[in-house]
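Here the structure is laid out as structure tokens; the discussion comes afterwards.
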Amino acid sequence: MARALELALTNVRSGQGGPFGAVVVKDGVILGEGANSVIPLRDPTAHAEVMALRRACANLGVYHLPGAELYTSCEPCPMCLGAIYWAHLDRVYYAATKEQAAEAEFDDSLIYRQIEIPPPQRSIPMLHVELGDEALRPFQEWLKKPDRIRY
């Protein structure tokens, strides 16, 4: 946790991004670490947790991290939470809560609320385009593929 907080503080002091740091660890070894890089990379997905997961996976040449844990300076946002589940981590430890982040003007409560609203009624409407079987073709081909890699 100390390293995650150090990354967050260094990021703030350098002016490179937001006050977030994260470290992926397995068996006491750091596999990847990251700091919020949204501003310098001009990438809204470059959160500390995502950066740490990307680096851990790249370092190991994998796309799943079973047995690994994430230490992060703040409770993960909804996007990072999704990435954590996709990575199959065993556990997450966080320092600040989402409520404390909101007090520092990093408020994800809108996103949490939007998830519960039917897609067309969200503040960014999400509209289903009815294409019938055409929409299913990519899935059908995927399921027929004998060498598909499940993730």
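For this chain, numbers begin at 1 and follow the sequence in order. These numbers were taken from a predicted model, which means no experiment stands behind them.
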Answer yes or no: does atom [atom1] of [X] have more than 12 heavy-atom neighbours from other residues, nucleotides or ligands under 6.0 Å?
| X | atom1 | value |
| --- | --- | --- |
| Gln140 | CD | yes |
| Ile39 | CD1 | no |
| Glu99 | CD | yes |
| Arg13 | CZ | no |

Step-by-step side chain to side chain contact (heavy atoms under 4.5 Å, CB included) determination, Val24 to Leu31: CA-CA 6 Å; Val24 176; Leu31 304 178; 4.1 Å; yes

Side chain to side chain contact (heavy atoms under 4.5 Å, CB included) assessment of Cys80 paired with Val50: CA-CA 6 Å; Cys80 293; Val50 171; 3.9 Å; yes

Side-chain touch Met51/Leu41, heavy atoms, less than 4.5 angstrom: yes

Heavy-atom check, side chain of Asn36 versus side chain of Pro19, under 4.5 Å: no

What is the minimum heavy-atom distance between [X] and [Y], and which atoms define it?
| X | Y | answer |
| --- | --- | --- |
| Ala101 | Cys74 | CB-SG, 3.6 Å |
| Asp147 | Lys145 | OD1-CG, 3.0 Å |
| Thr45 | Arg54 | OG1-NH2, 3.0 Å |
| Ala8 | Gly21 | CB-N, 3.6 Å |

Derivation of the side chain to side chain donor-acceptor pair (under 3.5 Å) call for Glu49 and Thr72: CA-CA 7 Å; Glu49 297 90 341; Thr72 180; 2.9 Å; yes

Asp107/Arg113 ion pair, N-O < 4.0 Å: no

Sidechain N-carboxylate O distance under 4.0 Å for Arg3, Glu33: yes

Test: Lys98 cationic atom under 6.0 Å from Tyr112 six-membered ring centre, within 45° of axis: yes

Connected hydrophobic set around Leu5, excluding itself, where side chains approach under 4.5 Å: Met1, Leu7, Val23, Val25, Ile30, Tyr71, Tyr93

Residues clustering with Leu9 (ILVMFWY side chains joined when closer than 4.5 Å, directly or via others): none

Test ring-ring contact (aromatic ring centres under 6.0 Å, His included) applied to Phe106 - qualifying residues, sequence neighbours left out: Phe20

Any side-chain donor near an acceptor of the partner, Arg42 and Ser37, under 3.5 Å: no

Audit row: Leu70, Ile84, side chain to side chain contact (heavy atoms under 4.5 Å, CB included) steps and yes/no: CA-CA 8 Å; Leu70 179 76; Ile84 288 162; 3.7 Å; yes

Same cluster (ILVMFWY, side-chain, under 4.5 Å), Leu89 and Met79: no

Joint cluster assignment, Ile149 & Tyr151, ILVMFWY side-chain distance < 4.5 Å: yes

Any donor-acceptor pair under 3.5 Å from Arg122 side chain to Gln114 backbone: yes

Donor-acceptor under 3.5 Å (Glu141 side chain, Pro138 main chain): no

Distance (rounded to the nearest 0.5 Å) between Met126 CE and Ile124 CD1: 6.0 Å

